[in-house]
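Here's the structure we're looking at; comments come further down.
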Amino acid sequence: MDNRIRIFDTTLRDGEQSPGCSMNLKEKIQVAKCLESLKVDIIEAGFAISSPGDFESVQTIASVVKDCSVASLARASVKDIDTAWEAVKHAADPRIHLFLATSPLHMQYKLKKTPDEILEMTAAMTAHAAKYTSNVEFSAEDATRSDWDFLVRIVDAAIRAGATTVNIPDTVGYTTPSEMQALIEYLRKQVPDSDKAIFSVHCHNDLGLATANSLAGVAGGARQIECTINGLGERSGNSALEEVIMAIKTRPGIWPYETRIDTTQIARASRTVYTIIGQAAPLNKPIVGRNAFAHESGIHQHGVLANKQTYEILTPESVGIHTNNLVLGKHSGKHAVTDRLETLGYRLTPEEVQSIFEEFKALCDKKKDVTDADLEALVEHRSIKPVFSSVEGYELDWFSVHTSNFTTATCTICLKKDGEKFMDVCLGDGPIDAAYGAIDKIVQPPEHTFGIWNIHSISEGKDTLGDVTVRLYAGGRTYTGKGLSTDVIEASINAYIDAINNFCAAVRIPEEASA
Ligand code: KIV
Ligand code: ZN
């Protein structure tokens, strides 16, 4: 059997559909570009039929991405499959991914269909997808709680009808490594033409076993792993790409498999996704958490100083983390900043470098030492905004807040738009509430619910940059805004203005509603 594992990334579908992780079009494109640099084999760009916004993002990603296959999810229905194909058909290597549940629970209560009907749908809908392309993936949803012999019939029907990849999802994170390995072995043995398709695993992390289950599936003969950056995904998430990849890399004797992933892009992809969803990695998150390579205790430090391998099984550099954290400051010139950006793995145009350099200089006036994390934050924020931004709106001109612990906070704010200035003032429960009230008075946005305000620090020290994310909800959609500043009130104001601009643009131009 060949030892090449295909990496199917579903950050933009399973990851994005989980609460708090929705992304707009430009953010999805940014993630897709990171996935392409990582060299995943397949990007599941979305679920084209689920909304016009999803359709547009799948279609856009299909046209932007050149070096990976691009897939759209579809239920086992003609309309879903036709829409999925319409969205991906211009991709360099388009894939239709259809799914149908096969467990007794799902068939009886969710689909209200008999096993024979499910079998018939599997054959008919896979054949329908195969009329468009030979790159068809069939997923037996809730496979790990399905009857094994029924699964044999389902997989057999899918392969006969033209599926070239057969996915065996652990939809509810219920299976165990030994069970997963045995199930894949069983299917490969019992399905007559099993060698005509690549077997795939898609494991959820409800019991914290997703990575182990995925690797066990591979040991059983699966040659595709479905996973997400940072393990995003429904409920407790999916198998984390960075974990499965680094496990394979670190233990080749146990898992003698090849992938085409460029592991040095892992940290960057992780950071981009966390920045977009407005979260910081949990400190102890494997591979990408801030403590993943930190050695605090004396015994550990002593060991690492003597020989890194005493407490490090993989190097930070192998995942793109640079430990020689060179500190830049106001005397650093453009050459030093450009050089550092290149070392950090950014390939920027001269115009982009110039604009980051200007932001860097402005930051040096507020912050003595500019670290790699600060530079990375400047680049990440910049790439979420102007590069793909078609959204024009309000901009902060100036603000003034008065706050204390014995009076009501007040904010006076001045915003600019199309060369005009708008000023208002508002009281509030603290300076941020007052500022947001003043912005609302100026912009008067359509009805919405304020979702989250989230802040995390980019580096250490009292003068750290604060990274603020704001989410607004309206009409079943989420509108995200980002702000970055050493002044957390300024960062909060910019994040809110950004979210309001995105929201107002979507209302103005309904087809941009996904953005
Ligand atoms: O978890 C699952 O079963 C899925 C399928 C749609 C592949 O996400
Ligand atoms: Zn899933």
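No hydrogens, no waters, no symmetry mates; every other heavy atom, side chains included, goes into these values.
- Side-chain N/O atoms of Thr478 and Ser22 include a donor and acceptor closer than 3.5 Å.
- A donor-acceptor contact closer than 3.5 angstrom links the side chains of Thr144 and Asp170.
- The two residues Ala84 and Ala48 have their closest heavy-atom pair at CA-CB, 4.0 Å.
- How far CD1 of Ile489 is from OG1 of Thr403: 7.0 Å, rounded to the nearest 0.5 Å.
- Of all the heavy atoms in Ser239 and Thr211, the pair that sits closest is OG-CA, 3.7 Å.
- Between the side chain of Thr250 and the backbone N or O of Ala247 there is no donor-acceptor pair closer than 3.5 Å.
- Ser18 contributes no side-chain N or O that, together with a main-chain N or O of Cys21, makes up a donor-acceptor pair within less than 3.5 Å.
- Taking 4.5 Å as the limit, some side-chain heavy atom of Gln17 sits within range of a side-chain heavy atom of Glu234.
- Lys39 has no carboxylate O lying under 4.0 Å from a charged side-chain N of Asp262, or vice versa, which leaves the two without a salt bridge.
- Taking 4.0 Å as the cut-off between side-chain N and carboxylate O, Glu141 and Lys110 count as a salt-bridged pair.
- Checking side-chain atoms of Asn230 against main-chain N and O of Leu232 turns up no donor-acceptor pair under 3.5 Å.
- Ion pairing between Lys66 and Glu36 fails under the 4.0 Å rule for side-chain N and carboxylate O.
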For Arg260 and Asp67: C-alpha separation, side-chain torsions, deciding distance, then whether salt bridge (Lys or Arg N to Asp or Glu O under 4.0 Å) applies.
CA-CA 11 Å; Arg260 56 168 216 151; Asp67 191 32; 3.5 Å; yes
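- Taking all atoms of both residues into account, the shortest heavy-atom contact from Gly320 to His322 is O-CD2, 3.5 Å.
- Not less than 6.0 angstrom separates the ring centroid of Phe450 from the ring centroid of Tyr473.
- For Asp418 (side chain) and Glu420 (main-chain N/O), no donor-acceptor pair under 3.5 Å exists by modelled atom type.
- In the model, Thr272 has no side-chain atom that pairs as donor or acceptor with a side-chain atom of Thr275 under 3.5 Å.
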For Lys249 and Leu314, what are the C-alpha separation, side-chain angles and deciding distance, and is it a side chain to side chain contact (heavy atoms under 4.5 Å, CB included)?
CA-CA 9 Å; Lys249 272 257 165 201; Leu314 54 136; over 6 Å; no
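- Shown here for Pro431 and Ala409, the closest heavy-atom pair between the two residues is N-CB, 3.6 Å.
- With no hydrogens or angles considered, a side-chain donor-acceptor pair links Arg471 and Thr480 at under 3.5 Å.
- Contact of the Glu359 side chain with the His381 side chain is not registered, since no non-hydrogen atoms from C-beta on lie closer than 4.5 Å.
- By the neighbour-count criterion of 12 heavy atoms within 6.0 Å, atom NZ of Lys417 is densely surrounded, having more than that number from other residues, nucleotides or ligands.
- Salt-bridge check for Asp54 with Lys28: passed, with a basic side-chain N closer than 4.0 Å to an acidic carboxylate O.
- Thr83 and Asp80 are not linked by any side-chain donor-acceptor pair at a separation below 3.5 angstrom, with hydrogens and angles left out of the test.
- At least one donor-acceptor pair closer than 3.5 Å links the side chain of Asn454 to the backbone N or O of Gly278.
- If you take CD on Gln30 and CG on Leu35, they are separated by 11.0 Å, rounding to the nearest 0.5 Å.
- Taking the six-membered ring wherever Trp is involved, the centroid distance between the rings of His202 and Phe8 does not fall below 6.0 Å.
- Atom CD in Glu44 sits 11.0 Å away from atom CD1 in Ile61 (nearest 0.5 Å).
- Between Phe360 and Phe357, the ring-plane angle classifies as parallel under the 30° and 60° cut-offs.
- Of all the heavy atoms in Ile7 and Asp41, the pair that sits closest is N-OD2, 2.7 Å.
- If you check the side chains of Glu352 and Ser355, you find no donor sitting under 3.5 Å from an acceptor.
- With respect to the salt-bridge test (charged N to carboxylate O, under 4.0 angstrom), the residues Lys285 and Glu243 qualify.
- A side-chain donor from one of Asp440 and Tyr496 sits under 3.5 Å from a side-chain acceptor of the other.
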Test Asp372 against Arg340 for salt bridge (Lys or Arg N to Asp or Glu O under 4.0 Å), laying out the working first.
CA-CA 8 Å; Asp372 286 350; Arg340 198 66 203 147; 2.8 Å; yes
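- Using a 4.0 Å cut-off between charged nitrogen and carboxylate oxygen, Asp467 and Lys482 count as a salt-bridge pair.
- Taking a 6.0 Å sphere around CD of Glu317, one finds it holds more than 12 heavy atoms contributed by other residues, nucleotides or ligands.
- Side-chain atoms of Glu380 and Tyr346 include a donor-acceptor pair closer than 3.5 Å.
- No side-chain heavy atom of Ile439 sits under 4.5 Å from any side-chain heavy atom of Tyr394.
- The main-chain N or O of Ile229 is found under 3.5 Å from a side-chain atom of Thr11 such that the two form a donor-acceptor pair.
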Apply side-chain hydrogen bond (donor to acceptor under 3.5 Å, both in side chains) to Thr407 and Ser404, showing your working.
CA-CA 6 Å; Thr407 53; Ser404 74; 2.7 Å; yes
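- Looking at Trp398 and Met423, their side chains come closer than 4.5 Å, going by heavy atoms from C-beta outward.
- Under a cut-off of 6.0 angstrom, the local environment of CD in Gln309 is sparse, with at most 12 non-hydrogen atoms contributed by other residues, nucleotides or ligands.
- Taking 4.0 Å as the cut-off between side-chain N and carboxylate O, Lys421 and Asp397 count as a salt-bridged pair.
- Environment of CG in Asp429: sparse, with no more than 12 heavy atoms of neighbouring residues, nucleotides or ligands closer than 6.0 Å.
- With values rounded to the nearest 0.5 angstrom, Leu12 atom CG is found 10.5 Å from Thr228 atom OG1.
- Phe422 is not listed as a side-chain neighbour of Cys414, based on a closest heavy-atom distance of 4.5 Å or more.
- Applying the side-chain hydrogen bond (donor to acceptor under 3.5 Å, both in side chains) test between His97 and each of Ser72, Ser139, Ser200 identifies Ser139 as the sole match.
- Between Tyr479 and Phe503, the angle of the ring planes lies from 30° to 60°, which puts this pair in the tilted group.
- The side-chain heavy atoms of Thr263 and Met246, taken from C-beta on, include a pair separated by under 4.5 Å.
- Judged by distance alone, the side chain of Ser37 and the main-chain N or O of Lys33 form a donor-acceptor pair under 3.5 Å.
- When side chains are defined from C-beta on, Ile497 does not count as touching Glu395, because their heavy atoms never get closer than 4.5 Å.
- Looking at Lys366, its side chain never comes within 3.5 Å of a backbone N or O of Asp463 through a donor-acceptor pair.
- The line from CG of Asp374 to OG1 of Thr464 is 6.0 Å long, rounded to the nearest 0.5 Å.
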Between Arg271 and Glu376, is a salt bridge (Lys or Arg N to Asp or Glu O under 4.0 Å) present by the stated rule, with each step listed?
CA-CA 9 Å; Arg271 200 169 44 242; Glu376 284 161 353; 3.2 Å; yes
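- Not one N or O on the side chain of Asn291 forms a donor-acceptor pair closer than 3.5 Å with the backbone of Ala294.
- Ile266 has its side chain within reach of Val288: a pair of non-hydrogen atoms, C-beta onward, lies under 4.5 Å apart.
- Side-chain atoms of Asn213 come within 3.5 Å of backbone atoms of Leu209 as a donor-acceptor pair (strictly under, hydrogens ignored).
- In this structure, CD in Glu490 is found 7.5 Å from CD1 in Ile493, a value given to the nearest 0.5 Å.
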